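Working notes, structure below.
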Amino acid sequence: MADQNTSNTQPPEHKPESKMKHIVSFGAMILLTVAAFVLVLRDVVPVVWVLPLMLGFAVIQVLLQLFTFMHLDQKGSFYYILFIAFGVMVAVISVTGLVFMP
Amino acid sequence: MAHDSVEIKPGVHLETATFEGKNKVMGFWMFLGAETVLFACLFGTYLALRNQTVNGPSGADLFDPVLVAVATAILLFSSLTSVFAMMAMNKLDKKGMLFWLGVTVLLGLSFLVLEIYEFIHYIHEGHTFMSSAFGSSFYALVGTHGAHVTFGIIWISTIMYQAWKWGINTETAPKLFVSSLYWHFIDVVWVFIFTLVYLLGMVG
Amino acid sequence: MSRKGLWRILAVLALAMLVLAGCDSSKILPSDALNVLDPKGTAGEKSLDLIYFSIAIMLVVFAIVMAIFIYVLVKFRKREGVTLDRSKYKDHNTVLEIIWTVLPIAALVALAIPTVKYTFDLAEVPKGDDVLVVEVVGHQYWWEFKYPKQGFKTAQELHIPVGKKVHFKITGTDVLHAFWVPALGGKMDVIPGRVNELTLDAKKAGLYHGKCAELCGASHALMDFKVVAEEQADFDKWLAKMSAPPAPVVTAKEKQGEEIFNSSCIKCHAGMDPKRQGPDLTKFGNRQSIAGVLKYDEKNLKAWLKDPKSIKPGTKMEKFDFLNDQELDALTQYLMNRK
Amino acid sequence: MGTLLIMIVFGLFFAAIFTGGYNNTLIQRARKTTAWDWLTSVDHKKIGVMYFMAGIFYFVVGGLEALFMRYQLLVPGNDAFVGRTFNELLTMHGTTMIFFAAMPLIFGLINVVMPLQIGARDVAFPFLNSLGFWLFFFGALLTNMGWIFGGAPDAGWTSYVQLALNEYSPGPGVDYYVLGLQIAGAGTTMSGINFLVTILNMRTKGMSLLRMPMFTWTSLITSVLIIFAMPPLTIALLLLMMDRLFGANFFDHVMGGSAVLWEHLFWIFGHPEVYIVVLPAFGIMSDIFSTFSKKKLFGYNSMVFATSLIGFLGFMVWVHHMFTVGLGPVSNSIFAIATMLIAIPTGIKVFNWLFTMWGGELTFPVAMKWAIGFIPTFVIGGMTGIMLAAPPADFQYQDSYFVVAHFHYVLIGGTVFALLAGAYYWWPKMFGKMLSERLGNWHFWLFFIGFHLTFFPQHFLGLFGMPRRVFTYEPNVGLEYINQVSTFGAILMGIGTIIFAWNMIQSFRSKKIAAADPWDGRSLEWATQTPVPFYNFAQLPEVRGVDAFWLEKQAGNKEMTPAEPLGKIHMPSGSHIPFLMSIALFVGGWGLIARSWQIGVMGLLAFGVTMFMRSFDRDHGFYVKPKELLDKEAKS
């Protein structure tokens, strides 16, 4: 990344993205959403499991968003992933603090 | 540096073709990192205060699963259409891109209408911004998200106009790309809102 | 600047300090009433132990750093005509770097162990009949002390028996305050809508000063209270006095004072309106201070009644300047006889 | 209402100027003025200078506030500034020093120096840079407007609820704090993103991350901290604004709100904020030690590691500001240990500085004197910091003068000393002139001695039982003389600052242009000409290692080896939109403070309009041709 300042920029060539990938990812998101709704509206699992499972589904869904829709799976995303990860870390610490130390 | 020499052809990542574009995309990811923490603080506030209803209605009394399911579906779908728009942009297919962006904006608008309807409904039920700490924190969190959606709709519409007038080039492509990132991010936030606000509220 | 100039300034400063110190020791030496370094209770002693222990560790570290620092400054300053063999000075040294990473860790572990132990010690809730429970309520800008078991409350003045654990349940009604008796031990925040707990004791009888340690408004600086630590017998006497029915009103003057009290003061001082609550004055005659900051005498009481805001800015107490001298006299008499 | 009318008139006036409502000749004439040049500049060096000068201004303002407080505390029972007035002074002193003095001074130095150090021609987002500055400027102005209109904020710089709620702080005071800081905070976040992208994307050829000067490294970590620490503050301020302006109930315990929530949000921001202001100070010190020891920084890699670790740990220690809140021994112990951990990377840094000097060839110009003075001072501050990290001991220190002494040792002994060192060190690059060493020595010694006289005794004030933020204290309990010594020290610091001001004025008046490399420097900023041309480098340099310029000088080269042939250089054009945007928010914010919703909404709408102006602004800058460059180079 160091010498972008000077090198004559060669536009990154595009690896063709398939529409299919996004549609599959979208389908998975819908499924996860439905699953979360089912967890809450029907008694399929014990109550203590509802929140962790729901959160798990949400996290998977978000990862799908980030890595397919938001293109974090592409090359050169190292810094982006680093910063989002750090943001998530600070976010988790803050929420934990706010919720568990009232 | 702006290089006039970037060749505009299908399959080129126009959004990061110029130096400005690269900076913009990276800067925007950092902004999203900041937004993550921003929303986390609102979530933390909401979770800390959500049981403080002060004799008002609680989440379990208020939330309607059908409404939330519809809103979620709309927003998820708009995220997909936004991806389609970006794929069209990469193929330099201006018409296709504008079409998908149009769909995205319309879906966003319908989400907004649904949310406004929902808020009006709650206010009739006695759940207002001022009624309790639960009310304040609920509207602060969901309202901030709604404000982001509103801003996104205005933003994307503006850039649609610019793309329509100026075409898809190294100037408009980064803007389009960044606004689509923003739109996905709004969807990401919504995933947590429907999980931690609505579904958790229904569990009690 | 010449070196001479610097020394001149230093010498003047040192002289000034000496002259000042020679004047009046009560202005430079801490008083027993509120000295963290000379605690009169278990909690304060524990805090002080840790303070001294951490200072000791820090002084060792400071000495090491300063020794290297001074050596470097003296040895390696640029001198005309002297050249050092620079090849032997490297720009990194893994062994050294590991040493100054590991040694601090060791020092910190040494500090962390007693820290955690004492943290849990101080949070321990004492049990048994022997424990005196006092409820502390912080108000802008006064302190209310309730003795729930004994069934009375007082303000600005906390009496505790020597040698007994006193368990405080601390809460507030308006803004944040912090309850602090430096001579007895550490502080605890006063948070409305939340009850915090703190355990203190006094090992020696005496009068200790209490402070509000969290910015709470215009008169934050004046939100003082007194802690009277007394032997069990004296404390029991005080309890009896406080629990007894109020002294009868005898003289005509006191009667007049009572009328004035019942027609105006009572609005706030009998706790009818929680938002405008003032201290309970049933046993005002036993107090040692007025408003927590003034010496208890007639003159000060009158000054306070005439213009409380000039003494405590922002206090909710109204002016009683509509009373004429005679009425003021009657009211003061009445108040000071309520024992 | 009168205030509002004036504001409207002013608003129209500015709108007219900027939109061309006036006749064109006037506009043309205005565009040629120096003021317009600075107002619309996107040059990182000019913006840096503006940040720096604004920072100095607020440093003096905050210092005056401190002197007023010290005067009040000279004797017990003094009645010069009591009650609310004193609370306004202490609130504005804290707020001003942290947000309007330390931060802009740091941003000033980062702006001027960092792009030069990495061999860039400008920052990544010149427009955002300018916007960040003007938002800061108008945010700071708005906060200080309280002194004139309706009372300054008086709930402490921490603005703890419920004291900061309408019921206990009636009037607009705290509103100024809430809105002013929100505007300034938005600018800060932008600058953070801008610096970070600049450092990651705009380094010249060969400038790998592990070859960057330490100041650039600390700027990088600080930028990361800014990006992730400002949002909690934004939210805290937003919630407080909702409570005060729109009747929400986040903090009112009667309606289910929580005061502890505010403390959490504030300190989740507040603790990283401490590192935001102190890390760049470490960077400045590292560069200065290295330069004036004529040696490469000792343990460069461990320095980088330590800086990152401090930044990382900075986010998980905030509860040590809240030990007495009653969160229980488990929370307190965890955060106590996390806090102590920070001592380890900090210790690494101190030893690395000492060993940078070890075997060096030390010279002591004023910049180095500040750095030397920094070591013992900062070490004391760090040590009292560890002492404060032990909850049982902290129960006694918390909110007493001991804490005041501690954080002044860190913030003055660390940040201010470093900023003053940086000022003397980089002055020639910033202004093209030198500061007087003679006056500088007076400045240093007076300030240094004054500082220790002011704050060292305050440790004892705290241990003798004096709470902080009090406008008076009891007589005859051992507090009088110590307070007097403290006040005396504060006066010395004041005199030192006056001498510094005089030094600056003398330097501006002097005609002598400084040498390009007056300190025999090591990093790239010294490889530029003085004064630095607006494009910084005619040809971007190629970097071959840490201390790039020094390496070239050692190899016998006078200049850096260029990494590119002489070609046309693209530079961004100036823009008046940032100024306009900030004015819009300023007016809108003031409208909200005055509880005039119309003006508030108008301001926000105007802000929206300026955003469109920006979006549709298709000015892509201009090119500097090689011929012009050569002419310029030849001239100088």
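Hydrogens, waters and symmetry mates are skipped; everything else that's a heavy atom, side chains included, is used. By convention in this document, chain letters (A, B, ...) are assigned in the order of the sequence lines, proteins followed by strands, and residues within each chain are numbered from 1. Small disclaimer: the values here were computed from a predicted structure and weren't measured.
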If you draw a 6.0 Å radius around CZ in Phe312(D), do more than 12 non-hydrogen atoms from other residues or ligands fall strictly inside?
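Open.
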
Side chains of [X] and [Y] in contact at under 4.5 Å (non-hydrogen atoms):
X: Val197(D); Y: Tyr79(A); answer: no
X: Phe83(A); Y: Leu196(D); answer: yes
X: Met101(A); Y: Glu263(D); answer: no

First locate atom CZ of Phe228(D), then atom CD1 of Ile93(A), and finally report the distance between them rounded to the nearest 0.5 Å.
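Those atoms lie 11.5 Å apart.
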
Given 3.5 Å as the limit, does a donor-acceptor pair link the side chain of His264(D) with the main chain of Val99(A), or not?
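Looks like no, no N/O pair under 3.5 Å.
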
Answer with side chain, backbone, both or neither: which region of Phe269(D) has an atom nearer than 4.5 Å to a non-hydrogen atom of chain A?
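Neither part, no heavy atoms under 4.5 Å.
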
Please classify the contact between Val319(D) and chain A as side chain, backbone, both or neither, with a heavy-atom cut-off of under 4.5 Å.
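For Val319(D), the contact with chain A is made by the side chain alone.
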
